[in-house]
Amino acid sequence: MKNKVVLLSLVFVLMASLLVIGCAPAAPTQVITLKYANQNPEAGWDGQNASLPWLRQIEKATNGAVKMQGYFSQSLFKGADTWEALKANQADVAWCFHGYWAGMTSLADVIALPFMPVPSAEKGSEVLWKLYEKYPSMQKQFEANKVVLLWTSNPYFLVTTKKQVKTLDDLKGMKIRTTGGPPTEMTKALGAVPTPMGMPDVYMNLEKGVIDGALLPWEAILSFKLFEVGKYYTYAPFHVVYFSQSFSRASWDKLPKTIQDQIMSVSGVTGSKFWGKNMFDTAAKEVRNIIKDKKYEMIEYTLPAAELEKARKLTGEPLWEAWVKAQEGKGFKEARDILNTAVQLLK
């Protein structure tokens, strides 16, 4: 009987121990915090409609295993320094504008050639990512950092401060803010003086008359309040620009494969289209609403068909051909195929 009581006591102790263990909280999973850098203001259109939603998508896709810590408004480094700063692991992932680094990713420049038939930023972004996936030579030009998505702007148009541009002759001698690569060559061919600069510097230089105008997308006008200093809007599909969300190689390689796959589930072609649509395509209506509500001056003009055709002959296909020859000269024999594929995909 005594042995039976002892046995029952041991059983009760064991059951109580198991119950305590079962109720104990699980050991917390280690959260990976990643530093995200973006030159644009957090409260701007990009920050609120593209950057922050995408960062939350990453956190959700990784089931909370990743925490994204945002650093906006060039608080970690200047926008123009982003690519090298990523290589130096000064951030884990960053918003990269490739117009700053002319020639570095010259094969991707195909999407930024003047008067390419880009109907929207969402479509341009989809096509650029598909080109990147298809051509290993294009991937190699980005290999210093790990690209997880690529996106384009809507076609840029011209905003000026002192006069309306109605013909190509009106552009001659004007100092126009542009970006590196094909847009710079287009601006030269149109007779203007290309003046490269980062978007955060455009407001001050327009206001002070350092530049006469700028080629801009709707998002930049919105985020940097350029409607306050530019009042003449001339519409023509001059060109698009392109961007990447890229990881530092060191940071990416440290991530478990499962986490990498989860991040790519909201990146790749899906993320590229998301960024194109939400950073650019949706911004035009908001700009017009603000201008109307705050009663800013907005004088609009659409380049007539004859001037548009003249511009295409000067800066469209001739620069496409020049781009092909330049890339072939660098050993990229697939350049014409890249151009043809881009045009086909855009159509």
Side-chain angles (χ1 to χ4, degrees), residues 31-40 46-47 49-72 76-77 79 81-101 104-105 107-109 111 121-153 240-280:
V31 175
I32 302 169
T33 299
L34 298 177
K35 292 165 64 176
Y36 173 73
N38 187 322
Q39 73 168 28
N40 294 330
D46 163 19
N49 293 276
S51 292
L52 292 178
W54 183 64
L55 298 185
R56 300 296 85 82
Q57 287 174 17
I58 290 176
E59 292 175 345
K60 184 177 180 180
T62 60
N63 299 310
V66 168
K67 173 69 175 176
M68 302 300 295
Q69 190 172 31
Y71 293 85
F72 291 84
L76 284 183
F77 37 74
D81 298 331
T82 300
W83 196 252
E84 292 301 317
L86 266 184
K87 286 166 61 177
N89 209 34
Q90 294 176 30
D92 298 300
V93 57
W95 183 105
C96 302
F97 172 49
H98 289 267
Y100 286 138
W101 313 302
M104 186 182 80
T105 51
L107 293 176
D109 285 350
I111 203 72
E122 184 177 15
K123 184 64 177 178
S125 303
E126 175 188 354
V127 168
L128 181 55
W129 181 258
K130 287 181 176 179
L131 293 172
Y132 176 81
E133 283 191 312
K134 181 175 181 177
Y135 294 99
S137 54
M138 189 180 293
Q139 296 168 26
K140 188 172 178 60
Q141 291 190 326
F142 289 88
E143 69 179 354
N145 293 307
K146 168 61 181 178
V147 173
V148 296
L149 64 88
L150 294 159
W151 81 101
T152 76
S153 68
V240 304
V241 296
Y242 65 93
F243 312 75
S244 73
Q245 295 290 349
S246 296
F247 273 76
S248 152
R249 277 283 173 190
S251 296
W252 182 259
D253 291 344
K254 288 178 184 177
L255 295 174
K257 179 64 164 56
T258 302
I259 297 293
Q260 292 178 348
D261 291 344
Q262 289 168 336
I263 290 172
M264 289 307 300
S265 74
V266 294
S267 302
V269 70
T270 299
S272 298
K273 291 172 66 177
F274 171 86
W275 269 89
K277 177 180 179 180
N278 289 283
M279 182 173 171
F280 291 104

Nearest heavy-atom neighbours spanning [X] and [Y]:
{"X": "Ala61", "Y": "Val266", "answer": "CB-CG1, 4.1 Å"}
{"X": "Glu59", "Y": "Val66", "answer": "CG-O, 3.2 Å"}
{"X": "Ala37", "Y": "Phe77", "answer": "CB-CZ, 3.5 Å"}

Are [X] and [Y] side-chain neighbours, meaning at least one heavy-atom pair lies under 4.5 Å?
{"X": "Asp109", "Y": "Tyr242", "result": "yes"}
{"X": "Tyr100", "Y": "Gln39", "result": "yes"}
{"X": "Ser267", "Y": "Met264", "result": "yes"}

Seminar exercise, completed: Applying side chain to side chain contact (heavy atoms under 4.5 Å, CB included) to Lys130 and not counting sequence neighbours gives Glu126, Leu345
Exercise. Under the salt bridge (Lys or Arg N to Asp or Glu O under 4.0 Å) test, which residues partner Lys87, sequence neighbours left out?
Worked result: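 In terms of salt bridge (Lys or Arg N to Asp or Glu O under 4.0 Å), with neighbours along the sequence ignored, Lys87 is linked to Glu84.
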For this session: Using salt bridge (Lys or Arg N to Asp or Glu O under 4.0 Å) as the criterion, list what pairs up with Asp261, not counting sequence neighbours.
Result: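 For Asp261, the residues satisfying salt bridge (Lys or Arg N to Asp or Glu O under 4.0 Å) (neighbours in sequence not counted) are Lys257.
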Problem set entry | Residue from Asn40, Asn278, Asp46 passing side-chain hydrogen bond (donor to acceptor under 3.5 Å, both in side chains) with Ser51 | Asp46
For this session: Over 60° means perpendicular and under 30° means parallel, so classify the ring planes of Phe97 and Trp95, tilted if in between.
Result: tilted
Exercise. Given His98, which of Phe142, Trp151, Tyr132 fulfils the ring-ring contact (aromatic ring centres under 6.0 Å, His included) condition?
Worked result: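 The residue from Phe142, Trp151, Tyr132 that satisfies ring-ring contact (aromatic ring centres under 6.0 Å, His included) with His98 turns out to be Phe142.
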Exercise. Has Lys277 got more than 12 heavy atoms of other residues, nucleotides or ligands less than 6.0 Å from its NZ?
Worked result: no
Exercise. With distance as the sole test, does Gln245 use its side chain to make a donor-acceptor pair with the main-chain N or O of Val93 at under 3.5 Å?
Worked result: no
